[in-house]
Number of protein chains: 2
Amino acid sequence: MRPTVNDIAREAGVSLATVDRVLNARPGVREKTIRAVNEAIARLGYVRDLTAANLARSRSYRMAVLLPDTESQFVQSLADALIEAGSQAATARIELKLLRFPAEDPHALAALLAGLPGRGYAGVALMAPETPVLRDAVRGLRVRGLPVVALVSDLPNTGRDHFVGIDNRAAGRTAGVLMGRFLGGGPAQVMVIGQSLLARDMIERRRGFDEVMLRDFPAIEVLPSLETHGSERLLRQVVAETLLHAPDVRGIYAMGNGHRSLTQIVEEMGLSGRLTVICHELTPHMRGALEAGTVTAVITQNLGHLARSTLRVLRAKADNLPLDEGQEQIRIEIVLRENLPPAPDSVRQNPAAAA
Amino acid sequence: MRPTVNDIAREAGVSLATVDRVLNARPGVREKTIRAVNEAIARLGYVRDLTAANLARSRSYRMAVLLPDTESQFVQSLADALIEAGSQAATARIELKLLRFPAEDPHALAALLAGLPGRGYAGVALMAPETPVLRDAVRGLRVRGLPVVALVSDLPNTGRDHFVGIDNRAAGRTAGVLMGRFLGGGPAQVMVIGQSLLARDMIERRRGFDEVMLRDFPAIEVLPSLETHGSERLLRQVVAETLLHAPDVRGIYAMGNGHRSLTQIVEEMGLSGRLTVICHELTPHMRGALEAGTVTAVITQNLGHLARSTLRVLRAKADNLPLDEGQEQIRIEIVLRENLPPAPDSVRQNPAAAA
DNA sequence: GACAAAATGAGGTACGTTCCTCAAAAATGC
DNA sequence: GCATTTTTGAGGAACGTACCTCATTTTGTC
């Protein structure tokens, strides 16, 4: 049997009340007594029973997670992962509220954020591009004591408490090595596509990609980035044109997510499997494209980890506890057709049934 | 506030005792009453508080994990991951005992296994090659009601309850695609090295590797597998000889783990970075080799996941609960220098300090 | 409608903590 | 050595659930 607080009290020759004072760092205990208790704890190898502690504390954490209301598969999958993680975390008395905000309206987001503290939230995570309005809103939250976590895309100048996501520069480098090696070092041309070259993550991916290409694959020419601004029509048009007129293009690096029509064009032009196509984020659509051979590799992050890490970090920050940086590091995963993990289950039903 | 059992009782118009009977599937409740309670549960969105439930049950799970006493970095890292997962799982009242057995002595292992049930264990995980003696020992355990989980290397003919590890055939295929693509499709020769071609995982990796090479890269010749039987000297000798006399060898696939001298030879021969070397398992030594450029890619499995999955599966089996297959699927990870995750912390100290 | 059997209610104790109050003991200052 | 402050002890209530007993009510049978 594991030792309990009562065992410590007996072992240390003090009362339960004193042990409790020491364990919870309450005042009014002599240094000498504290030492005696700690020695007893060490001697018995006592480990506090967290389930009982949390029960007694009946502390609970209301967390808000804000996602843009885009209906991209990536955001949708992320939302699913968060809901799943939230229901698992119910055990740890964490209650997660998923809120959506209009993707193109920083002011609406700021207003939403400003209203959060009054509604009993213990922490906020959000996925949004950094704008001046947002910066102020985040600062406001932190002034009022709410920890803020940046999700997927970092907000370095807002003073956010933590960033949960991959190192986009390293992700770009990874894409670079794969592209370079898959093309046998060239000679070849490579297209690079992204939604917007203003978004921080896009810039970093591009930088990482270029870094590797320049250093390791001088025979491969990387064409200027193509900005789609979310327009699938524009994407179709430019990609088709480029592929027709530049026969040396043997690879495409799609830095963002949501380029569904990219794979369509490649297929329509009969180039499926003949081009090296590297994309980001393993959405359901990307799974299909990998299986079909249209996409060669997908650089991705495990959304389950991302979601769980978000909750762990928020909780730690809310309690002012240190966090295990190692565990919160999100890995850059490489997915090929050959190591495609099986599709995740749909969101679980009937949580009460879990025993 | 989350609804409690008392809320359900009130909502359903029954007593607490009846709610308890329904929740825990105890006998003596009319079908009609059961339905009423379940409807109240659904209406209120009740979710059982597991921390409180476990506390009340004060059920605990003693789990044994058996690893061979080889001092390979892989086994050592796995042991660390298990200890870590075990200390985390203390919250869930899981107590993990790590036991070592002589790697080359199936009888000693069988004797160890035979003695476990009497010592209050609720489940056993083990990493061992399948031998007739082991088969009988595992069957014996299961007859006595102990769930058995195969770790890393499967034991399909023992009737084990579950296998925790990667799909080695798929891992071999992954190695194959990487090798083929990194070599630009050939022409080239590739060496394949493994400890023993009798071990099930080695056979499967080789099969997966060949499958891809034959199908997709006909211009690459895969040389016959080289068995080292754990002898580093033999490895050094044969590799050096082959590399000297076969100038077309441009790639090496090391199927097993623990080939530390392989990277040494490659470095000594001045071939670091000029050969495509693909290995398994991201041990500290492999990290170094990746960083140095001696090894091109490492196919690996996340030992943290492996360890946590093991405990989750054992627990589920011990309670006869269904498991979430999706969550227990271990991913095949590809690690290049560019996406090398930061080194994990050393094992944590002073578990009592965790709040 | 009498009877047995089945279903339900009422209430308690326990799990290992947290957090509170009040009294008692010990240490400290003068 | 007395008063004051600090430290310690004893005890209890609570968190949400599990599990037990015993009494009471309801149901079904003939």
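So that the names make sense, note that chain A is the first sequence line, chain B the second, and so on, each numbered from 1. The structure presented is a predicted model; accordingly, all values stated were derived computationally and were not measured.
The ring-ring contact (aromatic ring centres under 6.0 Å, His included) pairs that include a residue from residues 301-329 of chain B are A:H305-B:H305, where partners are two or more places apart or lie in different chains.
For B:R139, the salt bridge (charged side-chain N to carboxylate O under 4.0 Å, His left out) partners at least two apart in sequence or on another chain are B:D136. Residues passing the side-chain contact (heavy atoms from CB on, under 4.5 Å) test with B:A36: none are found, sequence neighbours excluded. Considering only residues two or more places apart in sequence or on other chains, B:A56 meets the side-chain contact (heavy atoms from CB on, under 4.5 Å) condition with none of them. Remark: B:R100 pairs with no residue by the salt bridge (charged side-chain N to carboxylate O under 4.0 Å, His left out) rule, at least two apart or across chains. Under the side-chain contact (heavy atoms from CB on, under 4.5 Å) criterion, A:A17 pairs with A:S15, A:R21, sequence neighbours left out. Applying the side-chain contact (heavy atoms from CB on, under 4.5 Å) test to A:D7 and every residue at least two apart in sequence or in another chain returns A:P3, A:T4, A:R10, A:L44. Contacts of A:R26 classified as salt bridge (charged side-chain N to carboxylate O under 4.0 Å, His left out), with partners at least two apart in sequence or in another chain: A:D20.
Here A:S15 does not reach the OP1 or OP2 of D:dA10: none of its side-chain N or O atoms lies under 4.0 Å away.
Within residues 25-34 of chain A, the residues that have a heavy atom under 4.0 Å from DNA chain C are, in order of number, A:R26, A:R30.
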Tabulate protein N/O versus nucleotide N/O from nucleotides 15-17 of chain D, keeping only pairs under 3.5 Å, one per line.
from	atom 1	to	atom 2	distance (Å)
D:dC15	O2	A:L55	O	3.4
D:dC15	O2	A:A56	N	3.1
D:dG16	N2	B:A52	O	3.3
D:dT17	OP1	B:Y46	OH	2.6
D:dT17	OP1	B:D49	N	3.3
D:dT17	OP2	B:V5	N	2.8

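First and last contacts of DNA chain C with chain B, using any nucleotide atom under 4.0 Å from a protein heavy atom and ordered 5' to 3', fall at C:dA7 to C:dG16.
A donor-acceptor contact under 3.5 angstrom links the side chains of A:R48 and A:N24, judged on distance only.
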I'd like a table of donor-acceptor pairs (distance under 3.5 Å, sequence neighbours excluded) in which one partner is a side-chain atom from residues 146-155 of chain A, with atom names and distances.
from	atom 1	to	atom 2	distance (Å)
A:D154	OD1	A:R160	NE	2.7
A:D154	OD1	A:R160	NH2	3.4
A:D154	OD2	A:R160	NH2	3.1

